[in-house]
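Worksheet: one structure, shown below.
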Amino acid sequence: MKRLSRNDLEAIGEWVIRVYMKLPEVKGQPVYRIYPEILVKSLLGLQIDYQHLSIDGTILGLTSFESIGVELPGNEETGEVYFLDGKTILIESDLRDDVEQTGRRNFTITHEASHQVLKMLYPSDYGVKSHEEPIHFCKANTMRRKPISDWEEWQSNALSSAMLLPRHLVEQAMGLFGVQGKIRILNKIFAREEYEYLEKAYSI
């Protein structure tokens with residue numbers, strides 16, 4: 001599959017957000033955050049549905065590029081199967097019902113949307129090999145691995161972050177709180193593990 005760098009994914013994220021800003025729902029209004037539902041439905045032409053995806057809560061979201069049946073917990077007795085149509089993102093319904101899970105829900109939506117964006121941009125390179133999984137899952141408590149072992153999931157995580165938290169909106173928000181230009185300091189405080197890894201790798 002195609003392996004994109006973080007810079008490549010940041011550039012794709014910036015392009016997606018530039019188009020997002022031109023949507024009728026957004027254009028001409030003050031923008032302080034990205035709304036994943038608008039991005040997914042109005043920009044990408046996808047649908048979002050909420051279902052219980054796992055018994056133990058380990059699966060937060062899933063999507064596919066083709067029509068495929070998915071067995072969901074609770075349907076074992078009836079034998080019912082949920083049919084993904086290649087244009088739908090399924091999100092764990094517990095994330096919709098719990099206000100405290102809003103951030104997690106938003107990231108899961110954009111993570112699954114990122115799979116679809118990469119498929120749209122690279123249709124001949126993404127999700128076309130016979131051994132690749134037909135369904136893409138967003139799992140809870142995924143361990144960070146270095147070096148990267150699953151490029152599809154890493155790329156979707158990186159693109160999701162770029163779309164959900166575009167740099168200009170982050171800097172705008174920091175300006176409102178009087179901490180503009182302090183992204184590196186915030187990373188050192190709130191993402192210490194990642195900061196120390198990047199500091200050693202790139203001598204930042």
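- Side-chain contact between Leu46 and Thr63 is absent, with no heavy atoms from C-beta onward closer than 4.5 Å.
- Closest non-hydrogen pair, Val99 versus Thr102, comes out as O-OG1, 2.7 Å.
- Residues passing the side chain to side chain donor-acceptor pair (under 3.5 Å) test with Thr108, sequence neighbours excluded: none.
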Starting from the C-alpha separation in whole Å, work towards a yes-or-no answer on side-chain contact (heavy atoms from CB on, under 4.5 Å) for Val117 and Leu44. CA-CA 8 Å; Val117 169; Leu44 301 179; 3.8 Å; yes
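- Here Ser93 pairs with His52 under the side chain to side chain donor-acceptor pair (under 3.5 Å) rule; sequence neighbours left out.
- Trp151 and Trp154 have perpendicular rings, their planes meeting at more than 60° on a 0 to 90° scale where under 30° would count as parallel.
- Leu72 has its side chain within reach of Val70: a pair of non-hydrogen atoms, C-beta onward, lies under 4.5 Å apart.
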Could you go through the side-chain contact (heavy atoms from CB on, under 4.5 Å) check for His111 and Asn157 one step at a time? CA-CA 6 Å; His111 172 93; Asn157 279 337; 2.9 Å; yes
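- Side-chain contact between Ile89 and Gln47 is absent, with no heavy-atom pair separated by less than 4.5 Å.
- For the pair Leu164 and Phe107, the minimum side-chain heavy-atom distance is below 4.5 Å.
- When atom types are taken as modelled, the side chain of Ser114 and the backbone of Ser160 share a donor-acceptor pair closer than 3.5 angstrom.
- Stacking of Arg18 on the aromatic ring of Tyr20 is not recorded, the 6.0 Å distance cut-off and the 45° axial limit not both being met.
- Applying the salt bridge (charged side-chain N to carboxylate O under 4.0 Å, His left out) criterion to Glu25, with sequence neighbours excluded, gives no partner residue.
- Side-chain atoms of Thr58 do not come within 3.5 Å of backbone N or O of Ser54 as any donor-acceptor pair.
- For Tyr50, the OH atom sits in a packed shell: over 12 heavy atoms of surrounding residues, nucleotides or ligands are nearer than 6.0 Å.
- Rounding to the nearest 0.5 Å places CG of Leu62 at 10.0 Å from CD of Glu92.
- When side chains are defined from C-beta on, Ile34 does not count as touching Met163, because their heavy atoms never get closer than 4.5 Å.
- Ile38 places none of its side-chain heavy atoms less than 4.5 Å from the side chain of Leu43.
- In this structure, Gln116 contributes its side chain and Ser64 its backbone to a donor-acceptor pair below 3.5 Å.
- Annotation: side chain to side chain contact (heavy atoms under 4.5 Å, CB included) contacts of Ser67 (sequence neighbours excluded): none.
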Before giving the answer on side-chain contact (heavy atoms from CB on, under 4.5 Å), spell out for Arg105 and Ile109 the whole-Å C-alpha distance, their side-chain angles and the decisive distance to 0.1 Å. CA-CA 6 Å; Arg105 182 194 71 220; Ile109 292 172; 4.0 Å; yes
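- Not a single donor-acceptor pair under 3.5 Å links the side chain of Ser42 to the backbone N or O of Leu39.
- In this structure Asp49 satisfies the side chain to side chain contact (heavy atoms under 4.5 Å, CB included) test together with Gln51, Tyr82, Thr88, Leu90, sequence neighbours excluded.
- Taking the side chain to side chain contact (heavy atoms under 4.5 Å, CB included) definition, one finds that Asn7 meets it with Ser5, sequence neighbours left out.
- Residues Leu23 and Tyr35 have side chains not in contact (no heavy-atom distance under 4.5 Å, counting atoms from C-beta outward).
- Minimum interatomic distance between Ala162 and Leu9 (heavy atoms only, all atoms of both residues): CB-O, 4.2 Å.
- Around the CD atom of Gln29, the shell of radius 6.0 Å holds more than 12 heavy atoms that belong to other residues, nucleotides or ligands.
- Nearest approach of Leu53 to Ile59, heavy atoms of both residues: CB-O, 3.8 Å.
- In this structure, Leu60 and Gly57 approach most closely via the heavy-atom pair CD2-O, 3.9 Å.
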After noting the C-alpha distance and the side-chain angles of Tyr122 and Leu4, does the key distance pass the side-chain contact (heavy atoms from CB on, under 4.5 Å) rule? CA-CA 11 Å; Tyr122 305 103; Leu4 301 169; 3.8 Å; yes
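- Residues His115 and Leu159 fail the side-chain proximity criterion, which asks for heavy atoms closer than 4.5 Å.
- For CZ of Arg6, the number of neighbouring non-hydrogen atoms (other residues, nucleotides, ligands) closer than 6.0 Å is 12 at most.
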